[in-house]
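Just so you know, residue 1 is the first one in the sequence shown, and it goes up from there. Reckoned from all heavy atoms, side chains included, excluding hydrogens, waters and symmetry mates.
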Amino acid sequence: MKKHILLSTALSVVLLTGAAQAASWQDSLSSAASELTKGSSSSQSGGLSASSLTSLLGNSNKSLSAGTMNNAAGILDYCAKQKLASVTDTQNIKNQVLGKLGLDTQEQKQDTNYMDGIQGLLNAQNGQQLNLSTIGDSALAKQVKTKACDLVLKQGVNFLS
């Protein structure tokens, strides 16, 4: 009988120790996951989460296309300055778009859509606004910026045709 009680006690201690280690291990995993999440958020300097950036890449092109040609021209200027697109092509298309819109330098400074664009504020076709300058510098954020610049450049080319 004493052997049975001793064996039961030993087994209980082993099980409790194992459960405590499992709980500790789970806490460590949770903590590590939390740190990774914090790290990725802070590395983006207040940027969008990875899932938000991924959804932007996967959504329709309307979320990364300019809602107006004035904003598109401003975004093209932003993209060229940030070297997110070919500077020569982007500046050329931007200047042609502004010419076709009839905007001279003074009018550009008064147009809020254009001014938003040169600051990296994409007033998208879906009615949302995306700040390209604050979404971060992660590889995923750079893909979103590049895709937006490419789409807006295509918009400019199509507008000129």
Taking all heavy atoms of [X] and all of [Y], pick out the closest pair and write down the distance.
X	Y	result
Q155	M69	O-CE, 4.0 Å
L153	T90	CD1-CA, 4.1 Å
D137	K145	OD1-NZ, 3.6 Å
G136	A141	O-CB, 3.4 Å

Rounded to the nearest 0.5 Å, how far does [atom2] of [Y] lie from [atom1] of [X]?
X	Y	atom1	atom2	value
D89	C79	CG	SG	12.5 Å
K100	I93	NZ	CD1	11.5 Å
L76	N71	CG	CG	9.5 Å
F159	T68	CZ	OG1	10.0 Å

### Query
For G156, does its backbone N or O pair with a side-chain atom of K94 as donor and acceptor, under 3.5 Å?
no
### Task
Answer with yes or no whether the side chains of Q96 and N92 bring together a donor and an acceptor at under 3.5 Å.
yes
Can you find a pair of side-chain heavy atoms, one from [X] and one from [Y], that are under 4.5 Å apart?
X	Y	answer
K147	V144	no
Q82	T146	no
L132	I75	yes
L101	Y114	no
N123	N113	yes

### Query
Pick one: which of D116, N131, V152 meets side chain to side chain contact (heavy atoms under 4.5 Å, CB included) with L122?
V152
### Query
Less than 4.0 Å between a side-chain N and a carboxylate O, is that true for D77 and K81?
yes
### Query
Do L121 and L84 share a hydrophobic cluster, counting only Ile, Leu, Val, Met, Phe, Trp and Tyr and linking them when any side-chain heavy atoms are less than 4.5 Å apart?
no
